[in-house]
Structure formats: structure tokens, C-alpha cells
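In what follows, chains carry the letters A, B, and so on, assigned in the order in which the sequence lines appear, proteins first and then strands, with residues in each chain numbered from 1.
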Amino acid sequence: MPERVLTKFEDDKPTVNKTTTTSAAQNPPVALAKGKKRKRNGTTNTPTNKPDTTTQSIEVDSRPEKRIEEPESKSQLPRPATNGAKQLHNRSKSNRPPPNGRPSNPPLPPHLSKRRDALLPFRQALPIYQHADSIRAALSTKNTLILTGETGSGKSTQVPQFLLSQPWCKKCIAITQPRRVAAISLARRVAEEMGSSLGNASPASKVGYSVRFDNAAGPNTRVKFLTEGMLLQEMLRDPELKQYSAVVVDEVHERSVNVDLILGFLKKMQKEGKRKDAMKVVVMSATADVEGLVKFFDDEEGDIGCKKIERVQTDGVQSAESEKAKGKGKQKSGSGGVENGVVPVTDTKSEPSSTVSTCFVEGRQYPVKTIYLPEPTQDFVESALKSIFQIHYKEPMPGDILVFLTGQDTVEALERLVNEYAQGMEEGVPKILALPLFAALPQHAQQKIFQPAPSKTRKVILATNIAETSVTVPGVRFVVDSGKVKIKHFRNRLGLDSLLVKPISRSAAIQRQGRAGREAPGQCYRLYTEQDYASLEPRTTPEILRCDLSAALLTMKARGVEDVLNFPFLDPPPREALEKALLQLLQLGALTETGEISEIGLKISKLPLTPTLGRVLVEAARPERDCLLDIIDIISCLSVENIFVNLVTEEKKEEAEAARRELYKREGDHMTLLTTVQRYAEERSDRKVWTEKHFVSHRAMQNVMDIRKQLRQNCVQLSLLPSSSTAHSNSNSTDPSSNPSASHDSRTRSILHSLLRGFAANTARLMPDGSYRTLLGNQTVAIHPSSVLFGRKVEAIVFSEFVFTNKSYARGVSAVQLDWVGEVLEEVGG
DNA sequence: GAGCACTGC
């Protein structure tokens with residue numbers, strides 16, 4: 001059922017001299033191309049500078065099981081196996097109890113051992129492989145290691161394997177990832193490298209993973225890849241993470257809220273020392289602020305500011321430093337150009353008094369030439385258009401172009417322009433194929449970026465920042481960077497999210513630029529001036545400083561953090577933001593007056609929902625509401641992207657309006673969502689056909705059904721539902737036949753009352769002038785045009801989303817009676 | 001009569 005599309009790879013056959021790799025190998029690495037002086041003391045066994053040993057997978061679907069690209073090592077000219085094989089043999093001598101009474105050393109199935117042996121040379125050619133001993137040594141004396149390694153260094157796959165044989169590593173190693181696909185594909189890769197089956201395929205499986213909707217860890221799992229959210233979930237049951245000897249936190253530079261929480265918890269854990277054995281922590285990052293991380297983990301209250309952290313003495317760091325010294329700033333993330341094979345005498349470093357080691361691992365990256373605009377542009381879409389055709393006419397094939405834009409609108413506008421101009425190109429000029437790429441794009445359209453272009457055609461990928469982290473576009477040698485990003489920012493005082501176009505940070509600019517140098521030397525056209533670049537913020541504001549903190553605080557409270565104001569945050573949010581979030585949790589009834597987590601709060605914290613939606617769910621389970629299954633359907637829809645397909649042409653829009661009329665409910669968007677889920681779930685013949693007929697997104701509905709199932713299970717575990725309710729029931733009435741009198745109106749009323757309990761702050765009343773103003777805060781809000789209530793005048797509304805774009809909009813809107821709003825505001829003490 | 005970058009439990 002779930003189709004897995006493996007994007008084409010050359011795999012690791014030792015037949016290396018394929019065209020793509022030879023051309024790459026002939027190109028010198030960055031530093032050499034720049035004519036930098038550097039010593040070479042390890043040239044003979046230097047792995048070639050083939051860049052991009054892709055350790056991260058490419059995935060553009062939120063349903064990870066559908067399309068997974070394997071991470072792959074594509075290095076060439078492998079050395080024979082030596083070290084790693086020994087390590088693996090040592091491991092297999094472990095005296096773990098034989099599973100199912102079988103001999104403790106069952107021979108590996110031949111296909112597994114063959115694959116493992118075939119992969120070994122590629123592992124050994126990874127830049128990180130030479131650091132294995134020093135990484136082990138660092139962790140045998142210190143509990144924390146900060147490891148900076150660029151893309152392609154192999155850190156995500158190799159570090160856990162380095163540590164597995166260490167005497168302190170008796171239990172499991174956890175490796176966290178920000179995205180599900182990455183966790184799954186890395187686990188698959190490491191299982192292959194270790195000659196193990198994956199997950200629960202066999203009791204002997206040593207490698208597993210755990211992501212939402214998919215837990216694949218066996219009884220003997222020693223290496224477990226999990227999403228950050230999953231590790232936090234495990235901490236709910238086991239705050240000390242006793243099943244792990246080490247936690248490896250990967251991709252820390254992305255600075256998700258969850259990663260910040262994990263770092264805080266790990267630091268607290270080490271400091272409090274409640275565990276019998278020390279918890280080893282490896283923090284891995286591409287462009288981390290190493291000094292900040294060292295200070296964070298090494299703080300001996302008081303001397304934080306004066307501890308001098310020496311940088312690791314590798315070539316990589318030196319080259320980064322020398323570039324800085326030249327006053328040009330870093331040309332690439334982290335290291336500048338790094339030549340592989342230079343083995344430093346010591347490559348991990350720590351102050352004797354410090355509890356933290358650091359290590360820098362070089363990556364594999366080609367030089368990227370940067371071109372700035374001489375003058376600032378007013379219209380980056382137009383400037384991008386010019387740059388695209390300038391590149392296309394001037395630069396030889398092959399070499400695709402990746403353009404970073406802000407949103408669907410700019411992507412589609414530029415797509416039209418490019419196609420228009422491309423029609424006017426003379427004969428003999430290579431063709432242009434413009435491909436849009438953004439998250440809301442249907443699956444098959446996203447897939448196109450992985451397909452090779454027809455002959456004599458240059459691909460131009462017009463992308464949002466999905467291409468910065470989540471999707472690796474192959475074949476790119478030219479990057480056009482608008483310098484802008486659409487970013488969400490939570491405004492504390494108004495309690496609303498704003499979604500605005502802003503300049504990117506310098507680190508994001510470097511990240512985008514790096515995309516041009518993954519396969520060959522490249523060029524980056526920045527659609528701003530060099531002065532503009534210099535004036536950019538050095539790094540993107542971490543999410544925790546620009547989001548609603550109520551979910552994070554509830555997470556902390558539920559894991560035993562009493563004093564959240566003094567939680568060790570890598571970047572402490574302003575006190576005002578923390579207090580605002582505490583107040584919100586108090587109003588939801590998730591905290592008691594004394595600031596302890598309440599019974600309701602504990603329930604909410606166990607649900608994969610925001611605190612507000614969790615509160616709505618808990619409310620719906622109360623006997624006087626009795627509408628839990630309906631609310632689960634609605635909440636499931638609110639947890640995914642828009643379930644209604646966006647349409648472009650006027651004709652299609654009218655057609656869709658007509659087809660959806662039977663779904664639209666006058667009570668508002670929430671009842672409309674409920675009707676849609678229930679019709680979909682009742683559909684017995686072909687659900688896909690049904691979605692097409694009603695202009696509903698089939699993919700979104702599949703996600704809705706997954707979440708619905710999970711929420712029903714959660715509710716059974718929390719004793720909010722009897723266990724019979726999860727059994728493939730599509731009807732929401734607990735017993736339809738016995739309750740025919742439960743009128744539609746009373747059911748609707750229960751649902752709306754439940755929504756109000758969570759969204760009491762998101763209520764507004766109609767003013768005499770026809771506008772709506774919030775009851776708390778007296779803010780003007782407009783009903784978003786996507787709402788079924790758009791243009792309608794009702795006495796009061798409750799809405800599940802409050803966003804500022806051009807003005808304040810309420811999205812996900814239902815009509816309610818004003819006196820209901822009064823009641824609920826009284827209850828929350830507003 | 002507007003238009004929502006991206007993750008995740």
C-alpha cells in the first residue's frame with residue numbers, strides 16, 4: 001500500500017567512474033581553487049573530494065511512509081576494510097542474552113553481512129571516520145561532546161556506531177532528528193551498515209526508529225533514531241531516559257523549540273545527577289555557535305563569561321579563521337573549503353576543567369562564487385527573472401537553477417514569467433523547464449524536481465524555504481537567492497501570529513548559497529547588495545523566541561520542571577512571554593492557581609495537540625458535552641493543512657463551490673469540517689473519487705484519518721473513551737439507535753461550547769459598523785475569505801486561528817451566541 | 001473578496 005519510491009542513486013557499486021562522479025572528482029575543493037596555502041599531511045589515503053555523502057534523506061511528503069529516499073554514500077575509490085570490521089566483530093561478541101534461546105552469535109543472514117561488508121569502504125571514506133578514535137576518547141573522559149560537522153561528513157550515521165562498543169555504552173543510543181523521514185531513512189541506512197535488520201523485523205535487530213504513527217524498535221535495539229517530539233514524549237514516561245546510555249542531538253542548528261527543550265532537559269539531567277550512570281550527550285550541528293553550546297553545557301554558575309574556549313585545531317577551523325581574517329566573512333557555512341584527509345594530531349579539544357569536549361569535522365563542498373546586485377531591487381521576482389535568463393544564456397549545461405522565493409504566490413508569479421520569456425528564446429538555445437516547489441504542492445508535482453530534465457533542457461526550480469532544510473534538490477549548480485523569507489512571529493501582547501516577509505539571516509544566506517556547491521563548483525546570485533548582506537542578522541532568531549510558549553511550558557511542567565522561569569534555555573525567552581504563556585495555561589485550567597500542573601493539564605500534555613486544542617478535546621469528553629468523537633474529527637482537520645483544495649481559475653472555483661455546497665454548514669467552518677470528515681469516512685466505494693468530486697485534498701484527508709485514529713487511541717488510554725470506540729467505527733454516535741432524540745441543534749451546541757472552552761480568547765462580537773472586535777483586547781478582526789462565514793453577520797464568533805498578514809484575520813470560524821461567550825469568559829476569569 | 005514559510009507529538 002505505501003509506495004516507496006527510491007530516488008535514483010548510483011548506489012555504492014564500486015564501479016565508480018560514472019560520468020557524474022568523474023567530473024566532480026576532477027574539480028578541486030574550495031580551498032585549493034582559491035589558491036589557499038594549506039599543508040597536506042595525509043594525502044595518500046585522502047578520500048576523494050566527492051561532495052555530498054547524503055546522510056539526510058529527501059522527503060517532501062508529510063506522510064513519510066510514502067516516499068523515502070535512502071541516504072547513501074557515493075564516495076569513490078574506497079579503501080579496504082580494516083578498522084570498522086574489527087569494531088563490528090567486537091560488537092557481535094557481546095554477551096547479551098540469546099533471543100529466544102538461540103545461540104548468542106547467530107550467523108548473519110548472508111545478504112545482510114554481504115551488504116554490510118560492501119558498505120564498509122564507503123563508511124571509511126567519510127570525513128568523520130578519521131575522527132572516530134578521538135570522538136570515543138573525548139566521551140570516555142567527558143560527558144558532553146559538541147560536534148560540528150558539515151553536510152556530507154557522515155556524522156549522523158557514523159557517530160552512533162563509533163560509540164556502541166564503548167564500555168560506558170551498555171544500553172541504547174538515541175539520535176534525534178527534526179523530521180520523520182530523516183529518522184527513518186537514517187535508521188535504515190545504519191541497519192544496513194551494521195548488518196542488522198531494522199526495527200522489529202527480527203528480535204536480533206540492533207537498529208530501530210520511532211516517529212509519529214510508526215514505532216519500529218525491537219527488544220535489542222541499541223541504536224534508535226527518533227524525532228525530537230518522540231524523545232520528549234518518552235521523557236513523559238521516563239524523565240531520566242533510563243533506557244539510554246547516550247543521547248545524540250542532531251541538526252541542532254535548526255533550533256526548533258523541541259531541540260531547545262531537549263538540550264535544556266539533558267543539561268538539567270547531567271547537573272542534577274539523579275541517574276546511576278552518567279548520561280552521555282553529543283550535540284551535533286552544521287553551523288552551530290560552538291562557544292554558546294559549550295558555555296551552555298559547561299556552566300559552573302558564575303564563571304560562564306570568563307571561560308575561554310579554544311577552537312579545535314583542524315584545518316577546517318583554520319581555514320574558516322583565515323577567511324574571517326581576510327575580512328570577507330565566511331564564504332560557506334562553518335569551514336570554508338576543507339580538504340579531506342588532513343589528520344590533525346588532536347581533533348577534539350577541551351579545557352581540563354571543562355566537562356565538555358568539542359570536535360570539528362570537515363564537510364565536502366565545492367566552491368561557490370557569489371554575485372551581488374550592484375543596486376538594491378524593489379521587485380525580487382523581476383530580478384530573479386533576469387538572473388535566471390542571464391545564467392541560462394551565459395553558463396554551459398548542465399547545471400540546474402534553484403531560486404529561493406517567499407511563498408506560493410511569488411513562486412507561481414515567477415513561474416508564469418519564466419514560461420512566458422522562455423517561449424521567446426531563439427532556436428538552438430537550451431530549453432527551460434520551470435518547476436514550482438512548495439509544501440502545499442501536490443505530491444506528483446513535487447516529484448518532478450527529482451526527474452532528470454529532457455535533453456538540452458535546464459531545470460529552474462522555484463522554491464520556498466522548503467528547499468533550505470527539508471528537500472535536497474539534485475543537479476543544482478546555480479542558486480538565485482531573493483534574500484527574503486516568510487516567517488511566523490508570535491506577538492505576545494496581541495496573542496496572535498503574524499506571517500510576514502522578512503530579510504533572511506546571514507546564516508540562512510550561507511545555507512542557500514551552499515546548495516549550489518553540492519555536486520560541482522557553483523554560483524550564487526544574491527538579489528541584494530553586498531552591503532545588504534553585511535547588515536543581515538547573523539543568525540535566524542530561534543523559534544523559541546518567536547512562538548507561543550504555552551505548549552513548551554506545559555511540556556516542561558508535565559516532565560517535572562517546577563520552576564519554568566529558571567529552566568536552562570539556550571536562549572531564554574523574555575520573562576513577559578513566559579508569564580503570558582503561564583497565564584494562558586492557567587486560563588485553560590491546565591495549571592492550578594499555585595502553578596502546578598492540574599489533572600486536565602496532565603491529560604492535555606499527553607495529547608499530540610496544542611494546549612488549546614487539547615483543552616477542547618478534554619471539554620468534549622465531559623458528560624454534559626458528550627461530543628468527543630465529533631470534536632476529534634474536527635481537531636484532526638485543524639491539525640493538518642487545508643483539506644479543501646485551492647483553485648486558481650474562476651470557473652473551477654464556481655464548480656468547487658457547487659460541489660462543496662452539501663458540505664458547507666451555516667454554523668461555520670468547524671461544523672463544515674465535521675461534515676466533510678464524516679462523509680469521507682462513510683464513503684464505502686472509492687474515497688479518492690469522492691475527494692475529487694468535492695474538491696477535497698485526498699492526501700490531507702488521509703492525514704486526518706491517521707490523526708483521528710491516533711487521537712481515539714490517546715483518548716482510550718486517558719480513559720476518556722471506552723476501548724470499543726477505536727474499533728474501525730466511522731459513526732460518531734456512541735449508540736445511534738438508542739439516542740435518536742439527540743437533536744442536531746443540541747449536538748452542535750455541545751461542539752461549539754467545547755470549542756469555546758479552549759478558544760475563549762479567540763472570540764469576537766459584531767459591532768454596529770459591521771466589523772468584529774475581540775471580546776478580550778478589543779482588537780478588530782476580519783473573517784477570512786476562506787471561511788464559510790465570510791461576508792456573514794452573526795452576533796458573535798469563535799475562531800481557531802488568528803493571523804496577521806495584511807490585516808488581522810480570523811480563520812476557522814464558527815457562529816456562536818454572545819451569552820455563551822459571556823459564560824465561558826466568566827469561567828476562565830477573563 | 002484574500003491568499004497561509006516549515007516542522008512535529
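The CZ-P distance, from A:F804 to B:dA2, rounds to 14 Å in whole Å. Between A:E228 atom CD and B:dC9 atom P there is a gap of 10 Å when expressed in whole angstrom units. Atom C1' of nucleotide B:dC9 and atom CG of A:N703 are separated by 14 Å, given to the nearest angstrom. One atom, NZ of A:K807, and another, P of B:dA2, lie 6 Å apart when rounded to the nearest Å. Per the geometry, CG belonging to A:N465 stands 7 Å off P belonging to B:dC6, to the nearest Å. Following rounding to the nearest Å, A:Q713 (CD) and B:dC9 (C1') show an atom-to-atom distance of 13 Å. In this structure, A:E412 places its CD atom 12 Å from P of B:dC4, rounding to the nearest Å. In this structure, A:I262 atom CD1 and B:dG8 atom P are separated by 13 Å, rounded to whole Å.
Checked for salt-bridge contact, A:E543 and A:R255 miss the test: no charged N lies under 4.0 Å from a carboxylate O.
Nearest to the side chain of A:Y809, among B:dA2, B:dC9, B:dA5, sits B:dA2. Listed nucleotides: B:dA5, B:dT7, B:dC4. Nearest to the side chain of A:T464: B:dA5. With distances taken from any side-chain atom of A:F790 to the nucleotides B:dC9, B:dG1, B:dC4, the minimum falls on B:dG1.
Within 4.0 Å of A:T227, counting heavy atoms only, lie sugar-phosphate atoms of the nucleic acid but no base atom. Note on A:T555: nothing from the nucleic acid sits closer than 4.0 angstrom, heavy atoms only. Using a 4.0 Å heavy-atom cutoff across all strands shown, A:L607 reaches at least one base atom of the nucleic acid. Note on A:E468: nothing from the nucleic acid sits closer than 4.0 angstrom, heavy atoms only.
Within the structure, a side-chain polar atom (N or O) of A:N806 is placed less than 4.0 Å from OP1 or OP2 of B:dG3. Contact check, A:T406 against B:dA5: no side-chain N or O comes under 4.0 Å of OP1 or OP2. Close to B:dT7, at under 4.0 Å from its OP1 or OP2, lies no side-chain N or O of A:R212.
Toward the 5′ end of DNA chain B lies the nearest nucleotide of A:D409, the other residue of the pair A:T610 and A:D409 mapping further downstream. Heavy-atom distances to DNA chain B give each of A:Q710 and A:N642 a nearest nucleotide, and the one nearer the 5′ end belongs to A:N642.
Aromatic ring orientation, A:H784 versus A:Y809: perpendicular (interplanar angle above 60°, classes split at 30° and 60°).
Contacts of A:K242 classified as salt bridge (Lys or Arg N to Asp or Glu O under 4.0 Å), with partners at least two apart in sequence or in another chain: A:D238. Every residue two or more places apart in sequence or in another chain was checked for a ring pair (Phe, Tyr, Trp, His ring centres under 6.0 Å) with A:F438, and none qualifies.
Taking every heavy atom of residues 780-787 of chain A and every atom of DNA chain B, pairs under 4.0 Å involve A:H784, A:P785, A:S786, by number.
Donor-acceptor pairing under 3.5 Å is recorded for the side chains of A:Y244 and A:E234. Side-chain contact of A:S256 with A:N258: a donor-acceptor pair under 3.5 Å is absent, judged by distance alone.
A donor-acceptor pair under 3.5 Å is formed between the side chain of A:S185 and the backbone N or O of A:V181.
Inter-residue side-chain proximity for A:S156 and A:I175 is flagged as unmet; no heavy-atom pair is nearer than 4.5 Å.
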